[in-house]
Amino acid sequence: MTLPRLVVLSRRGRATLDPAHWAELERHADVLVVPCERAPDRADAIRLLAGADLLAATNLCLPAVDADLLDALPGLRGIILYATGYDHLDIALLRSRGVGLSILPGYATTAVAEHCLALLFGLATRLHLAHDRSRGAAPPTVSLRGVELGGRTLGVVGLGRIGGEVARMARALGMRVRGTDTDPAAAARAAASGVETTDLAGVLAADAVAVCASHTFGAPPVIGAAELAALPEGALLVNVARASLVDTEAAVAAVRGGRLRGYAVDDAVVDPARDGDLLVQGRVLQTGHSAWWRDETLDRGARMWGERMLAAVCGAPLDPVTWPEHAPAALAPAVGA
């Protein structure tokens with residue numbers, strides 16, 4: 001039997017996985033590993049993926065998966081993505097072309113939840129500004145006055161893995177927590193753990209709001225100008241989900257107008273030429289999508305990615321968002337999987 005063709009795109013190439021993982025993969029698949037510093041353009045992607053049944057890629061190296069690319073790769077049957085979020089992929093398009101998607105849920109939950117609390121502490125304590133002032137990187141006029149979080153209310157938008165963990169940690173700090181989720185199952189789990197569940201309006205009445213929700217491909221922001229206007233004056237807003245879940249322009253305006261005491265986002269979305277003063281003052285805190293970047297997360301992610309590659313080539317994909325029902329035998333889900 002012909003082995004399925006697996007193409008792996010990652011910055012570290014074969015160093016991404018333990019040698020034992022590669023050895024097992026190469027027993028079950030024809031594997032091509034391509035180190036790359038960025039996503040290949042369409043022409044290079046078509047060349048690299050010619051004849052591929054499966055693509056395993058990190059987000060950094062994932063080519064633009066659109067109709068034109070899939071037209072050129074009719075044999076592609078699955079993508080194993082080194083990521084939890086997949087809102088940058090058109091799932092309806094993948095389904096229509098019979099292309100599966102397997103992801104890594106939960107591999108960075110603890111790291112991102114801790115980062116969320118770190119951003120919240122940053123806004124509340126202005127720790128980053130104290131550091132900058134002490135080394136002369138911020139003017140002495142920058143205020144270091146903060147607020148205490150104990151006894152305040154945290155509203156959590158999105159009560160999935162990360163949001164649920166944020167809620168647990170915040171309660172341990174002595175904060176009151178209320179949250180909302182469009183998924184009834186997630187809301188029920190949070191309620192069973194002691195979190196007060198409410199609608200978005202109820203969450204927006206909190207002293208601080210953490211956005212931890214997943215993002216749907218092409219969906220509008222969850223927190224826009226109207227939602228920001230509903231926040232109490234002096235509220236703190238933290239976003240460790242996709243930056244697009246919050247209307248950046250409206251958030252910047254809310255900081256300038258005093259509605260928000262501060263906005264922290266795990267991305268880099270503010271124009272320093274226009275709004276650099278807010279960065280200098282620490283009222284906007286950006287961390288450039290670094291929330292997941294931890295020793296434990298990298299080890300866990302590599303192991304989980306290797307497991308998902310092997311499962312996909314063996315016909316029993318793990319954590320599939322979608323997977324073709326009529327894939328070739330070597331790639332089809334195993335009976336009872």
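Residue indices begin at 1 and follow the sequence shown. If you're wondering where the values come from, they're calculated on a predicted model, not measured in any experiment. Note that these values count all heavy atoms, side chains included, but never hydrogens, waters or copies made by symmetry.
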Exercise. Taking atom types as modelled and ignoring hydrogens, do the side chains of R294 and H115 form a donor-acceptor contact shorter than 3.5 angstrom?
Worked result: yes
Exercise. R5: what forms a side-chain hydrogen bond (donor to acceptor under 3.5 Å, both in side chains) with it, not counting sequence neighbours?
Worked result: D30
Exercise. Minimum heavy-atom separation for A67 to L93, with atom names?
Worked result: N-CD2, 3.6 Å
For this session: Of all the heavy-atom pairs spanning D247 and G224, show the shortest one and how long it is.
Result: CB-CA, 4.0 Å
For this session: Take atom CG of D295 as the centre, draw a 6.0 Å sphere, and report whether it contains more than 12 heavy atoms from other residues, nucleotides or ligands.
Result: no
For this session: Return yes if a side-chain donor-acceptor contact under 3.5 Å exists between R308 and S102, otherwise no.
Result: no
Exercise. Atom CG in L117, atom CG in L119: separation rounded to 0.5 Å?
Worked result: 9.5 Å
Problem set entry | Worked check of side chain to side chain contact (heavy atoms under 4.5 Å, CB included) between V211 and V222 | CA-CA 9 Å; V211 180; V222 172; 5.8 Å; no
Exercise. Does M175 reach the side chain of T153, with side-chain heavy atoms less than 4.5 Å apart?
Worked result: no
Problem set entry | Under 3.5 Å donor-acceptor, H215 side chain and A219 backbone | yes
Seminar exercise, completed: Minimal heavy-atom distance between P35 and R11, with the atoms involved, is CB-O, 4.0 Å
Exercise. For the atom pair CD1 (I162) and OG1 (T109), what is the distance rounded to the nearest 0.5 Å?
Worked result: 5.0 Å
Exercise. Going hydrophobic residue to hydrophobic residue with side-chain gaps under 4.5 angstrom, can you get from L120 over to L228?
Worked result: no
Exercise. CE of M309 to CG of L6: how many Å apart, nearest 0.5 Å?
Worked result: 6.5 Å
Problem set entry | Within one Ile-Leu-Val-Met-Phe-Trp-Tyr cluster: V142 and V255, side-chain cutoff 4.5 Å | no
Problem set entry | Nearest heavy atoms of P63 and L9, plus distance in Å | CD-CD1, 4.1 Å
Problem set entry | Inter-residue atom distance I223.CD1 - L231.CG, 0.5 Å rounding | 7.0 Å
Problem set entry | R303/E307 ion pair, N-O < 4.0 Å | yes
Exercise. How many angstroms lie between CG in D66 and CG in D90, if you round to the nearest 0.5 Å?
Worked result: 9.5 Å
Exercise. Quick check: does any side chain N or O of W22 sit under 3.5 Å from a backbone N or O of R14, one acting as donor and the other as acceptor?
Worked result: yes
Problem set entry | salt bridge (charged side-chain N to carboxylate O under 4.0 Å, His left out) partners for R145, two or more places apart | none
Problem set entry | Criterion side-chain contact (heavy atoms from CB on, under 4.5 Å) against L81, the qualifying member of N59, L55, T58 | N59
Exercise. Do L204 and V157 sit in the same hydrophobic cluster, where Ile, Leu, Val, Met, Phe, Trp and Tyr count as joined when their side-chain heavy atoms come under 4.5 Å apart?
Worked result: yes
Problem set entry | Main-chain N/O of R77 paired with D53 side-chain donor or acceptor, under 3.5 Å | no
Exercise. Between Q286 (side chain) and A264 (backbone), is there a donor-acceptor pair under 3.5 Å?
Worked result: no
Exercise. Quick check: does any side chain N or O of R178 sit under 3.5 Å from a backbone N or O of G202, one acting as donor and the other as acceptor?
Worked result: yes
For this session: Group every Ile, Leu, Val, Met, Phe, Trp and Tyr by side-chain heavy-atom contacts under 4.5 Å, then state whether V33 and I79 land in the same group.
Result: no
Exercise. Looking only at heavy atoms, what is the nearest atom pair of P317 and P320, with distance?
Worked result: O-CD, 3.7 Å
Exercise. Can you name the one residue among V7, V313, V8 that meets side-chain contact (heavy atoms from CB on, under 4.5 Å) with V31?
Worked result: V8
Problem set entry | Short N-O contact, E249 and R256, less than 4.0 angstrom | no
Seminar exercise, completed: C212 and V166 have their tightest heavy-atom pair at SG-CG2, 4.1 Å
For this session: Please report the C-alpha distance between R171 and L154 in whole Å, then the side-chain angles of each, then the deciding distance to 0.1 Å, and finally whether the side chain to side chain contact (heavy atoms under 4.5 Å, CB included) criterion is met.
Result: CA-CA 9 Å; R171 291 176 67 203; L154 175 67; over 6 Å; no
Exercise. What's the verdict on side chain to side chain contact (heavy atoms under 4.5 Å, CB included) for Y86 and I91, showing C-alpha distance, side-chain angles and the deciding distance?
Worked result: CA-CA 9 Å; Y86 53 88; I91 301 304; 3.8 Å; yes
Exercise. Are the charged groups of D275 and R283 less than 4.0 angstrom apart, N to O?
Worked result: no
For this session: Group every Ile, Leu, Val, Met, Phe, Trp and Tyr by side-chain heavy-atom contacts under 4.5 Å, then state whether L94 and L54 land in the same group.
Result: no
Problem set entry | Flag for D266-T287: side-chain donor and acceptor within less than 3.5 Å | yes
Seminar exercise, completed: To the nearest 0.5 Å, atom CG of D267 lies from atom CG of N239 at 8.5 Å
For this session: Under the side-chain hydrogen bond (donor to acceptor under 3.5 Å, both in side chains) rule, what do T16 and S10 come out as? Steps first, then yes or no, please.
Result: CA-CA 7 Å; T16 304; S10 78; 2.7 Å; yes
For this session: Say whether, by atom type as modelled, one donor and one acceptor occur between the side chain of R27 and the main chain of A23 under 3.5 angstrom.
Result: no
Problem set entry | Side-chain donor/acceptor of R126 to backbone N/O of S143, under 3.5 Å | yes
For this session: Evaluate the criterion side chain to side chain contact (heavy atoms under 4.5 Å, CB included) for residue pair Y263 and L236; output intermediate values, then yes/no.
Result: CA-CA 6 Å; Y263 175 48; L236 304 173; over 6 Å; no
For this session: Using modelled atom types only, decide if a donor and an acceptor are shared between the side chain of T297 and the backbone of W293 within a distance under 3.5 Å.
Result: no
